[in-house]
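Here's the structure we're looking at; comments come further down.
Below, all heavy atoms of this structure are taken into account, side chains as well, without hydrogens, waters or symmetry copies.
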Amino acid sequence: MNYLDSHCHINGEEFNEDLDEVLNRMLENKVTKAMVICVSLEDYERTLKIEKEGIKFKKAIGVYPEYTNTSEEDFKKYVEYMKTCDAVGEIGLDYHWSPETKEAQKELFIRQIKIAKELNKPIIVHARDALQDTYDILKEYRHKGVLHCYSGSAEMAKEFVKLGYYISIAGPVTWKNAKVPLEVIKAIPLDHLLIETDCPYLTPAPNRGKRNEPSYVVHTAKKIMEELDVSEEEFLKTINENYDRLFNV
Ligand code: NI
């Protein structure tokens with residue numbers, strides 16, 4: 001059984017110089033599935049060129065929460081691209097960086113959930129400092145999806161799982177000061193858990209400070225296995241099943 005990265009941005013300029021080496025390290029570390037997230041129309045073009053024998057790539061595109069001033073013309077292009085993708089995302093709410101556009105963000109989020117439903121594609125949700133509003137919207141417009149890079153409380157995670165959503169955990173669970181992420185992984189059932197890097201950001205220990213990349217997802221996975229006292233075999237089997245159940249529509 002192999003590892004996977006349910007959320008990465010290897011289509012970004014941070015990987016311009018050495019993408020092939022990054023992909024080789026994925027193979028060396030048995031990371032053989034990855035969901036590549038496009039946050040722009042340019043990202044999508046670059047993603048089409050990413051290929052590697054032995055790695056199964058999936059892709060997602062969505063209008064990022066903060067891009068509320070996306071033109072109608074570009075929005076239509078995003079929707080066209082969504083039709084060829086495996087998921088719609090990342091979409092959601094970010095009140096941390098853009099608290100002034102809350103209402104426009106909600107509107108954009110809901111609009112894209114409706115499109116995802118029509119297209120029958122799961123959603124990949126970004127929520128930062130906006131968990132209650134995210135929850136309210138995901139409850140009202142219930143659809144299959146994942147809370148990516150989940151950073152909320154264990155109680156809230158359980159509520160999302162009750163609605164059927166998956167919870168994806170990134171590098172911060174490996175950090176020295178990690179407390180809440182450890183509560184989260186223990187609070188939710190393993191069959192609703194996913195792992196990701198969100199690279200190039202949020203690098204797990206022991207590589208913190210370096211650029212993140214998909215092969216480092218192994219550190220996040222190992223930390224979770226250790227904390228949950230679950231075998232590598234069982235963990236990987238379940239994580240792969242979760243990923244396939246969510247994204248192989
Ligand atoms: Ni992301």
Item to check | For the student: nearest non-hydrogen atoms of Asn240 and Lys33, plus distance | outcome: OD1-NZ, 2.8 Å

Checklist entry - Is there side-chain contact between Thr84 and Tyr44, with at least one heavy-atom pair below 4.5 Å? => result yes

Checklist entry - How long is the gap from CD on Glu13 to CG on Asp43, to the nearest 0.5 Å? => result 10.0 Å

Checklist entry - So does Arg46 pair up with Glu42, basic N to acidic O under 4.0 Å? => result no

Checklist entry - Does the side chain of Arg25 pick up a donor-acceptor pair with the side chain of Tyr216 at under 3.5 Å? => result no

Item to check | Ring-ring centroid check Phe75 Tyr78, cutoff 6.0 Å | outcome: no

Item to check | Side chains of Cys38 and Tyr81 in contact at under 4.5 Å (non-hydrogen atoms) | outcome: no

Checklist entry - Taking the side chain from Asn2 and the backbone from Thr32, do they hold a donor-acceptor pair closer than 3.5 Å? => result no

Checklist entry - So, are Asp133 and Lys106 salt-bridged, with charged N and O less than 4.0 Å apart? => result yes

Next on the checklist: Between Glu66 and Ser98, does the side-chain hydrogen bond (donor to acceptor under 3.5 Å, both in side chains) criterion hold? Intermediate values first, please.
Outcome noted: CA-CA 6 Å; Glu66 294 175 79; Ser98 301; 2.8 Å; yes

Checklist entry - His7 vs His148 aromatic rings, parallel, tilted or perpendicular, using cut-offs 30° and 60°? => result parallel

Checklist entry - Does a side-chain heavy-atom distance below 4.5 Å link Glu45 with Leu41? => result no

Next on the checklist: Donor-acceptor pair, distance only, cut-off 3.5 Å: does the side chain of Gln112 make one with the backbone of Gly62?
Outcome noted: no

Checklist entry - So does Lys237 pair up with Glu241, basic N to acidic O under 4.0 Å? => result yes

Next on the checklist: For Trp97 and Arg128: C-alpha separation, side-chain torsions, deciding distance, then whether side chain to side chain contact (heavy atoms under 4.5 Å, CB included) applies.
Outcome noted: CA-CA 8 Å; Trp97 294 111; Arg128 186 145 186 218; 3.0 Å; yes

Next on the checklist: So that I can tick it off, tell me whether Glu80 and Lys83 are bridged by a salt bridge, with the cut-off set at under 4.0 angstrom between side-chain N and carboxylate O.
Outcome noted: yes

Checklist entry - Are Ile224 and Met1 linked, directly or through other ILVMFWY residues, by side chains that come within less than 4.5 angstrom of each other? => result yes

Item to check | Atom pair OG/CG of Ser6 and Leu194 - distance to nearest 0.5 Å | outcome: 4.5 Å

Checklist entry - Does Lys223 come within less than 4.0 Å of Glu227, counting only side-chain N to carboxylate O? => result yes

Next on the checklist: Under 3.5 Å, is there a donor on one side chain and an acceptor on the other for Asn120 and Lys144?
Outcome noted: yes

Would you be so kind as to tabulate the donor-acceptor pairs closer than 3.5 Å made by side chains of residues 134-141, with sequence neighbours excluded?
| unit_1 | atom_1 | unit_2 | atom_2 | d |
| --- | --- | --- | --- | --- |
| Thr134 | OG1 | Ala130 | O | 2.7 |
| Asp136 | OD1 | Gln132 | NE2 | 3.1 |

Checklist entry - In terms of hydrophobic clustering (I, L, V, M, F, W, Y; side-chain heavy atoms under 4.5 Å; direct or indirect links), are Val230 and Val161 co-clustered? => result yes

Item to check | Side-chain donor or acceptor of Lys121 paired with backbone N/O of Cys85 under 3.5 Å | outcome: yes

Checklist entry - Among side-chain atoms of Lys58 and Asn248, is any donor-acceptor pair under 3.5 angstrom? => result yes

Checklist entry - Same cluster or not: are Ile167 and Trp175 linked, directly or through other Ile, Leu, Val, Met, Phe, Trp or Tyr residues, by side-chain heavy atoms under 4.5 angstrom apart? => result no

Checklist entry - Under the 3.5 angstrom rule, does the side chain of Ser231 hit a backbone N or O of Glu234 as a donor-acceptor pair? => result yes

Next on the checklist: Thr174 vs Thr220, test: side-chain hydrogen bond (donor to acceptor under 3.5 Å, both in side chains). Steps then yes/no.
Outcome noted: CA-CA 6 Å; Thr174 68; Thr220 300; 5.2 Å; no

Checklist entry - So, the side chain of Asn11 versus the backbone of Ile50: is there a donor-acceptor pair under 3.5 Å, distance only? => result no

Next on the checklist: Can you confirm whether Asn242 sits close enough to Leu246 that some side-chain heavy atom of one is under 4.5 Å from a side-chain heavy atom of the other?
Outcome noted: no

Checklist entry - Do the non-hydrogen side-chain atoms of Asn212 and Pro204 ever get within less than 4.5 Å of each other? => result yes

Item to check | Cluster overlap Leu147 with Leu202, hydrophobic side-chain contacts below 4.5 Å | outcome: no

Next on the checklist: Between the side chains of Glu159 and Lys162, is the shortest nitrogen-to-carboxylate-oxygen separation below 4.0 Å, so that they form an ion pair?
Outcome noted: yes

Item to check | Chi angles and distances behind the side-chain hydrogen bond (donor to acceptor under 3.5 Å, both in side chains) call for Ser215, Glu213 | outcome: CA-CA 6 Å; Ser215 63; Glu213 60 174 63; 2.8 Å; yes

Next on the checklist: For a side chain to side chain contact (heavy atoms under 4.5 Å, CB included) check, start with the C-alpha distance between Ile185 and Ile169, then their side-chain angles and the critical distance, and finish with the verdict.
Outcome noted: CA-CA 8 Å; Ile185 57 170; Ile169 297 292; 3.8 Å; yes

Checklist entry - Are Tyr201 and Ile91 joined in one hydrophobic group, where the rule is that I, L, V, M, F, W and Y side chains link up if heavy atoms are under 4.5 Å apart? => result no

Next on the checklist: If you compare all heavy atoms of Ser153 against all heavy atoms of Leu131, which two are closest, and at what distance to 0.1 Å?
Outcome noted: N-CD2, 4.5 Å

Item to check | Plane angle bin for Tyr243 and Phe247 - parallel if under 30°, tilted between 30 and 60°, otherwise perpendicular | outcome: perpendicular

Next on the checklist: Less than 4.0 angstrom from a charged side-chain N to a carboxylate O is my criterion; do Arg211 and Asp18 meet it?
Outcome noted: yes

Next on the checklist: Do Glu196 and Val217 have side chains that approach each other closer than 4.5 Å (heavy atoms only, starting at C-beta)?
Outcome noted: no

Checklist entry - Should Ile113 and Val125 be marked as a side chain to side chain contact (heavy atoms under 4.5 Å, CB included) after you check the CA-CA gap, both sets of side-chain angles, and the distance that decides it? => result CA-CA 10 Å; Ile113 297 172; Val125 179; over 6 Å; no

Checklist entry - Between Tyr64 and His126, does the ring centre distance come in under 6.0 Å? => result yes

Next on the checklist: Under the criterion side chain to side chain contact (heavy atoms under 4.5 Å, CB included), I'd like the reasoning laid out for Leu236 against Tyr3: C-alpha separation, chi angles, the key distance, then a yes or no.
Outcome noted: CA-CA 7 Å; Leu236 292 182; Tyr3 289 84; 3.6 Å; yes

Checklist entry - If you look at every heavy atom in Val31 and Asp5, which pair is closest and at what distance? => result CG1-N, 4.2 Å

Checklist entry - Roughly how far, to the nearest 0.5 Å, is the CD1 atom of Ile239 from the CG atom of Leu4? => result 6.5 Å

Item to check | Closest non-hydrogen atom pair between Cys8 and Cys199, with its separation | outcome: CB-SG, 3.5 Å

Item to check | Interatomic spacing from NE2 in His9 to CD1 in Ile37 - rounded to 0.5 Å | outcome: 6.0 Å

Checklist entry - Going by heavy atoms in the side chains, are Val88 and Ile124 under 4.5 Å from each other? => result no

Item to check | Plane angle bin for Phe160 and Tyr150 - parallel if under 30°, tilted between 30 and 60°, otherwise perpendicular | outcome: perpendicular

Checklist entry - Do you know the tightest heavy-atom contact between Lys117 and Arg142? => result CE-O, 2.9 Å

Checklist entry - Charged N to carboxylate O below 4.0 Å: is that the case for Lys52 and Asp20? => result yes

Next on the checklist: Suppose we screen for ring-ring contact (aromatic ring centres under 6.0 Å, His included). Which residues come up paired with Phe235, at least two apart in sequence or across chains?
Outcome noted: none

Item to check | Minimum side-chain heavy-atom gap Asp129-Asp94 below 4.5 Å | outcome: no

Next on the checklist: Please give me the minimum heavy-atom distance between Ala157 and Val184, naming the atom from each residue.
Outcome noted: CB-CG1, 4.0 Å

Item to check | Distance in Å, Glu21 CD paired with Glu17 CD, rounded so as to fall on 0.5 Å steps | outcome: 10.0 Å

Checklist entry - Going from CD on Gln105 to CD1 on Ile110, what distance comes out if it is rounded to the nearest 0.5 angstrom? => result 11.5 Å

